[in-house]
Amino acid sequence: MDLVEVLPRRLHMLRFPIGQAYLWRDGEGEGEGEALTLIDSGHAGAAGAIEGAVRSLGLDPERLERIVLTHCHRDHVGAAEELAGRWGAEVVAHRLEAPVIRGELPVPEPVLLDWELPLYAHGLTVPEAPPTRVDREVEDGEVLPFGGGAVVVHAPGHTPGSIGIHLPHHGVLFAGDCIAGVGQVMLGVFNVDRAQAQASFRRLAALSPEVACFGHGDPLTDDAAAVLLAATRSEPVLP
């Protein structure tokens, strides 16, 4: 796992062999006293590496207050149950995604384009996520108490309950897998409803963030709003 600084003393990316998560720090450089939030959690078995990364920053894992899951896929949910069990963090997900994350409903099957088939097969090499508790089920527009007020943005299409997290105070957007940044900024892959995913892409881009963080690919830290807008314009509009 690689640890990459996105915003100094505020935001780090945790990059796994497949997928990534983000660590947000609230506080003014207070080290062990800072409140921590994870956006997604990586794959099953990654909890130890995540804890090590937190400690390497001089932070206390016991300050992990919440884990916000952008959607139910195994590379985003896998370590959440173990991390929450270790440190008592609250697990947050959209209402539509919660029963899938808990293991009460199956993971929805995507409608794959031909070129996505080998990528999808590779993604299934990630260990299956165990059933994971969800402590707080959220809806579009709810505000979570971190980052100066973190706004939940329902962004269906990749999965029915996919969400983005927008921090207007800091100009940061966590887009989950609705948007990808691998090679170029583009609509994310493996969608259950491509037209719906495109509409969500446009909605997230319209937030005009200064920094955009994706589930796959490097974060955008320069001209993010313009790059996102241009990427939406290159997507064909489906009925």
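Put simply, Val192 and Leu119 are part of two different groups of oily side chains (I, L, V, M, F, W, Y) that touch within less than 4.5 Å, one to the next. Cluster annotation: Val68 and Leu14 are assigned to distinct hydrophobic clusters (Ile/Leu/Val/Met/Phe/Trp/Tyr, side-chain heavy-atom contacts under 4.5 Å, transitive). Both Val6 and Ile39 sit in one connected hydrophobic cluster of ILVMFWY residues. Membership requires side-chain heavy atoms under 4.5 Å apart, directly or through other members. Clustering ILVMFWY residues whenever any of their side-chain heavy atoms sit less than 4.5 angstrom apart, transitively, puts Phe190 in the very cluster that holds Leu113. In the hydrophobic cluster analysis, where Ile, Leu, Val, Met, Phe, Trp and Tyr join through side-chain heavy atoms closer than 4.5 angstrom, Leu23 is grouped apart from Phe146.
Scanning for ring pair (Phe, Tyr, Trp, His ring centres under 6.0 Å) contacts around Tyr22 gives Phe174, with sequence neighbours left out. With sequence neighbours excluded, the residues that form a side-chain contact (heavy atoms from CB on, under 4.5 Å) with Glu137 are Arg95, Ala98, Arg102, Val134. In terms of the side-chain contact (heavy atoms from CB on, under 4.5 Å) criterion, residue partners of Ala199 (sequence neighbours excluded) are, by chain and number, Arg202. With sequence neighbours excluded, no residue satisfies ring pair (Phe, Tyr, Trp, His ring centres under 6.0 Å) with His166. Arg66 is linked by a side chain to side chain donor-acceptor pair (under 3.5 Å) to Thr37, counting only residues two or more places apart in sequence or in another chain. His216 is linked by a ring pair (Phe, Tyr, Trp, His ring centres under 6.0 Å) to His76, counting only residues two or more places apart in sequence or in another chain.
Shortest non-hydrogen contact noted between Gly176 and Thr70 is CA-OG1, 3.7 Å. Here the shortest heavy-atom pairing between Ala80 and Ile67 reads O-CD1, 3.8 Å. In this structure, Asp75 and Ile18 approach most closely via the heavy-atom pair CB-O, 3.9 Å. Across Gly78 and Ser41, no two heavy atoms sit closer than the pair N-OG, 3.7 Å. Nearest heavy-atom pair, Ala205 versus Leu229, reported as atom, atom and distance to 0.1 Å: CB-N, 4.4 Å. Of all non-hydrogen atoms in Cys213 and Pro219, the two that sit nearest each other are SG-CB, 4.2 Å.
Judged by distance alone, the side chain of Glu82 and the main-chain N or O of Gly45 form no donor-acceptor pair under 3.5 Å. Remark: the backbone N or O of His71 is not paired with any side-chain donor or acceptor of Glu97 at under 3.5 angstrom. Put simply, the side chain of Ser200 gets close to the backbone of Gln196: a donor and an acceptor are under 3.5 Å apart. Proximity of a side-chain donor or acceptor of Glu90 to a complementary backbone N or O of Glu65 within less than 3.5 Å is not detected. For the pair Arg55 (side chain) and Pro61 (backbone), a donor-acceptor distance under 3.5 Å is absent.
Glu139 CD: more than 12 foreign heavy atoms inside a 6.0 Å radius. Crowding of Asp223 atom CG: a count of heavy atoms from other residues, nucleotides or ligands under 6.0 Å not exceeding 12. By the neighbour-count criterion of 12 heavy atoms within 6.0 Å, atom CD of Glu210 is sparsely surrounded, having that number or fewer from other residues, nucleotides or ligands.
Within the 4.5 Å cutoff, the side chain of Asp40 has no heavy atoms near those of the Phe16 side chain. Residues Leu187 and Arg194 meet the side-chain proximity criterion, which asks for heavy atoms closer than 4.5 Å. Side-chain atoms of Leu144 and Arg136, non-hydrogen and from C-beta on, do get closer than 4.5 Å to each other. Contact check for Arg203 versus Asp140: side-chain heavy atoms found under the 4.5 Å cut-off. The shortest distance between side-chain heavy atoms of Ile101 and Val91 does not fall below 4.5 Å. Residues His158 and Asn191 meet the side-chain proximity criterion, which asks for heavy atoms closer than 4.5 Å. With a 4.5 Å cut-off on side-chain heavy atoms, Val189 and Trp115 count as touching. At least one side-chain heavy atom of Arg10 sits less than 4.5 Å from a side-chain heavy atom of Asp26.
The only member of Glu51, Glu62, Glu81 that meets side chain to side chain donor-acceptor pair (under 3.5 Å) when paired with Arg86 is Glu51.
Atom NE2 of His170 is separated from atom CG of Leu11 by 10.0 Å, given to the nearest 0.5 angstrom. Atom CD of Glu128 sits about 4.5 Å away from atom CZ of Arg74, to the nearest 0.5 Å. Summarising the geometry, atom CG belonging to Leu7 is positioned 13.0 Å from atom CZ belonging to Arg9; distances are rounded to the nearest 0.5 Å. A distance of 7.5 Å separates OG1 of Thr132 from CG of Leu69, quoted to the nearest 0.5 Å. One distance of note links CZ of Phe201 with CD1 of Ile179; it measures 5.0 Å at 0.5 Å rounding. Here CE of Met13 is found 8.0 Å from CG of Asp2. Values are rounded to the nearest 0.5 Å.
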If you apply the rule side chain to side chain contact (heavy atoms under 4.5 Å, CB included), what do you find for Leu204 with Leu228, and how did you get there?
CA-CA 9 Å; Leu204 292 176; Leu228 288 173; over 6 Å; no
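Defined by atom type and a distance below 3.5 Å, a donor-acceptor pair is missing between the side-chain atoms of Asp177 and His73.
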